[in-house]
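The next block holds one structure in the form of structure tokens; read it before the comments.
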Amino acid sequence: MSTPRAKPKYYLTTPLYYTNGMPHIGHTYSTIVADTIRRYKRMRGFEVFMTTGADEHGVNVERSAQKAGKSPQEFSTEIAVQWKRLWDDLGVPGDEFIRTTDEKHHRTVQWLFKRCRDNGFIEKGHYTGQYCVHDNAYVVDAGPGDACPDCGRPTETVTEENYFFKLSEFQQKLLDFYAANPDFIQPESRRNEVLSFVNGGLKNLSITRTTIRWGIPVPGEAPHVFYVWFDALIGYLSAVGGPSYDERGLWPADLHIVGKEIIRFHAVYWPAFLMAADLPLPRQIWAHGWLLFDSEKMSKSRGNVVRPRPIVNALGIEPLRYYLLREIVFGQDGSFSYDALVTRYNSDLANGLGNLASRTLTMIERYFGGEIPKPTPARDRESDAPGTADFANEALTKVMHLYDRFSFSLALESIWEIVAMIDKYITVQKPWALAEKPEDRERLATVLYTAAEGLRIATALAHPVLPQATQKIWVQLGQTEPLAGIQLDFLSWGQLKPGTKTGKPEGIFPRVDKSETIARIETMEQEQSKAPEAPAAAAANTPSGPVAAAAPAAAAPSSKIGIEDFAKVEMRVGQVKTAERVTGADRLLQLQVDIGDEVRQIVAGLALAYKPEDLVGRKVVVVTNLAPRKLRGVESNGMIVAASLPDGAPVLAGFLEEVPVGAKLK
RNA sequence: GCCGGCGUAGCUCAGGGGUAGAGCGAGGGUCUCAUAAUCCCUAGGUCGUGAGUUCGAGUCUCACCGCCGGCACCA
């Protein structure tokens, strides 16, 4: 009963992110990849639908909510709203933000459960595990007698009745399915892992709990709620119709993008659930790798979690998109560093694409009054630009092929070969010299047409990765149809119409100073991390505090707060006792600061403006009630208040009169 | 412990039997349309260690060292 559609559909998903914390760069990566595919598929003529969302149930949310003094629903909603807002702000919202607390999702889960049960794949059984009575939760991986890792109290061995999904019956069916669909699990290495896991035998899966309250109720089975995977995974289906999935014709999903750590749930449990319910299976599961920061996995305990907002505030979302897709081979782990990010930005975006647009459009403006000149193809293509058009046309085919395989880094590499080719072409042809001789007017026209046309092709191809910037160049090239609506299949050399009025050349990617930009990102990161991870942190706000530098990209206006908010911040006069550089960090100083009743260790981003020895003995303003945080592996217990100059350099706040150490500010 | 992967120029990585590659960074040069951008030249790296197969090995085999992943939560 699917409605007839003109275009083939393409349905893809990101994971539904757990609302127990805020997004970091890894989540951002997943979503950016999905958004890029979404945009690319649209340019290939697909009707695309993308789902992202929030996984909200479970003990962890329950407990975090309790700590925050809120109901799980209230707590989870606040976090979910922030996730959604982040994706909106980053321009990667998808088409549906499904929440596992949505009524339609509850309905779908209960419906799927019934189908599985009716088909005989659900049974009652007993789950036995180590249970912490104090925390009201099972302790995974604990043996009898082990202590609870959270509260240290001994755990008890508890057995509860719950429902099991007969996963063991699907071992052979899954193996057959994998064999029949060799591309189902990507990349290859993950596929092999899954295969060996399934080959090793499958145990039945406990899918309900009676000890958890915060979950979807099992209909007619009062204390039971669904447990983890027989909840979140089903969101992919809830988002596109649930029980009536057939009406929208979007199911099965064409692609689930996941992180490598959750591949098994997607590649084993999920297809088994669907088989049990007699529903179509998704076509592909793609597991990407992790972003390693300084070669380490990101984690809160290491204090090296990278958040998207500071980067976006300092550089913009597009450089981040470009970096993640260009630098990291999709499917493999990749290293993330601010240094590489800014380097990529300057060399590829500012000096590469941005500069090519700038020089090309400037010359067209100057020599042809802002009109695309008319080329004289035959002769010039022979003598001046052998193979230019062919090169671009071949690159076009190649890039689409690479995008199809999600080989983003190779696709971008190929696009940038076009940029380099045109750059070289311009250098060889010397249009500025041609412009001086009236008899070279025709050649000049051809050269600039060629440059503009090469730029146009590269711009169109880069659009899925750089949606806004390429649209700007597109407009500057005088194109009126939105670039997002261009079909790549119909793109080819020579479509640029002579006489088209070009727009004013404007810098798309202004070059930035590397160390200053990194300093700014780190400062903002520091600011943001100091705020607790509670909803009140309002990650949407650019830190408007003393060290928030003028950011070219975003710089959200600071919102008004009441006196009661301000009163939460405790500031005191401190005196620097010792100061030294933090190794491996350009701008961080590790300080011991006397704040009256104690000496605090504080790591501050002051090294660009102050020498350690100049700070010793100096009185500073210290925010004393910030949550501790590690910077470059060094714990920081507070924050030094400073003004921030436009170039990012800090200037310490101080007093004109003598003040005693430890005095409070208000 | 079992299974798998990786270790190549300062950095990130490609190459999988026959005279060591790319991009970035760095050094030198060129041009001047352009965002001090572009373009050209330069990198002499025991291709983790040792042994073996071969006329010939980053490239195949074995052993060893180091790092990482899966087998057990997390983008």
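All chains are named by letter (A, B, ...) in the order of the sequence lines, taking the proteins before the strands, and each is independently numbered beginning at 1. Source: prediction; values computed, not measured.
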Please report the distance separating the [atom1] of [N] from the corresponding atom of [M], rounded so that it comes out in whole Å.
N     : M     : atom1 : result
B/G58 : B/A20 : P     : 9 Å
B/G10 : B/G45 : C1'   : 11 Å
B/G52 : B/U59 : C1'   : 15 Å
B/C40 : B/G23 : P     : 9 Å

Can a donor-acceptor pair be found between the side chains of [X] and [Y] at a distance below 3.5 Å?
X      : Y      : answer
A/W83  : A/H27  : no
A/Y403 : A/T36  : no
A/T19  : A/S76  : yes
A/S168 : A/K203 : no
A/D348 : A/Y322 : yes
A/E56  : A/W214 : no
A/T51  : A/Y11  : yes

Nearest whole angstrom, please: distance from the [atom2] of [N] to the [atom1] of [X].
X      : N     : atom1 : atom2 : result
A/E261 : B/C71 : CD    : C1'   : 16 Å
A/N346 : B/G25 : CG    : P     : 9 Å
A/F330 : B/U12 : CZ    : P     : 22 Å
A/L16  : B/C74 : CG    : C1'   : 15 Å
A/E193 : B/G4  : CD    : P     : 12 Å
A/Y227 : B/C73 : OH    : P     : 10 Å
A/E417 : B/A22 : CD    : C1'   : 10 Å
A/L12  : B/A75 : CG    : C1'   : 16 Å

Considering every strand and a 4.0 Å limit on heavy-atom distances, what is the contact class for [X]: base, sugar-phosphate, or nothing?
X      : value
A/P431 : nothing
A/W229 : sugar-phosphate
A/F265 : sugar-phosphate
A/S196 : nothing

Classify the angle between the aromatic ring planes of A/W87 and A/Y17 as parallel (below 30°), tilted (30 to 60°) or perpendicular (above 60°). tilted
Given B/C31, B/G69, B/A75, the nucleotide with the shortest approach to the side chain of A/K260: B/G69
Side-chain N or O of A/R264 less than 4.0 angstrom from OP1 or OP2 on B/C73? yes
OP1 or OP2 of B/G4 less than 4.0 angstrom from a side-chain nitrogen or oxygen of A/R190, does that happen here? no
Provide a list of protein-nucleic acid N or O atom pairs under 3.5 angstrom, restricted to nucleotides 35-41 of chain B.
residue : atom : partner : partner atom : Å
B/U35   : O2   : A/F509  : O            : 3.2
B/U35   : O2   : A/R511  : N            : 3.0
B/U35   : N3   : A/A350  : O            : 3.3
B/U35   : N3   : A/F509  : O            : 2.8
B/U35   : O4   : A/G354  : O            : 2.9
B/U35   : O4   : A/N355  : N            : 3.3
B/A37   : OP1  : A/R511  : NE           : 3.2
B/A37   : OP1  : A/R511  : NH2          : 3.4
B/A37   : O5'  : A/R511  : NE           : 3.4
B/A37   : O2'  : A/N351  : O            : 3.4
B/A37   : O2'  : A/N355  : OD1          : 2.7
B/A37   : O2'  : A/N355  : ND2          : 3.4
B/U38   : O2'  : A/R359  : NH1          : 3.0
B/U38   : O2'  : A/D423  : O            : 3.4
B/U38   : O2'  : A/T427  : OG1          : 3.0
B/C39   : O4'  : A/T427  : OG1          : 3.4
B/C40   : OP1  : A/K424  : NZ           : 3.0

Any chance you could encode RNA chain B as dot-bracket? Rule is Watson-Crick or G-U wobble with both distances under 3.5 Å; [ ] for pairs crossing earlier ones, | for another strand. ((((((((.[[[[.)..(..]]]].((((.........)))).....[[[[[..)....]]]]])))))))....
Sorted by chain and number, sequence neighbours left out, salt bridge (Lys or Arg N to Asp or Glu O under 4.0 Å) with A/D88 holds for A/K84
Could you report the tightest heavy-atom contact between A/G503 and A/E365, atom names first, then the distance? O-OE1, 4.2 Å
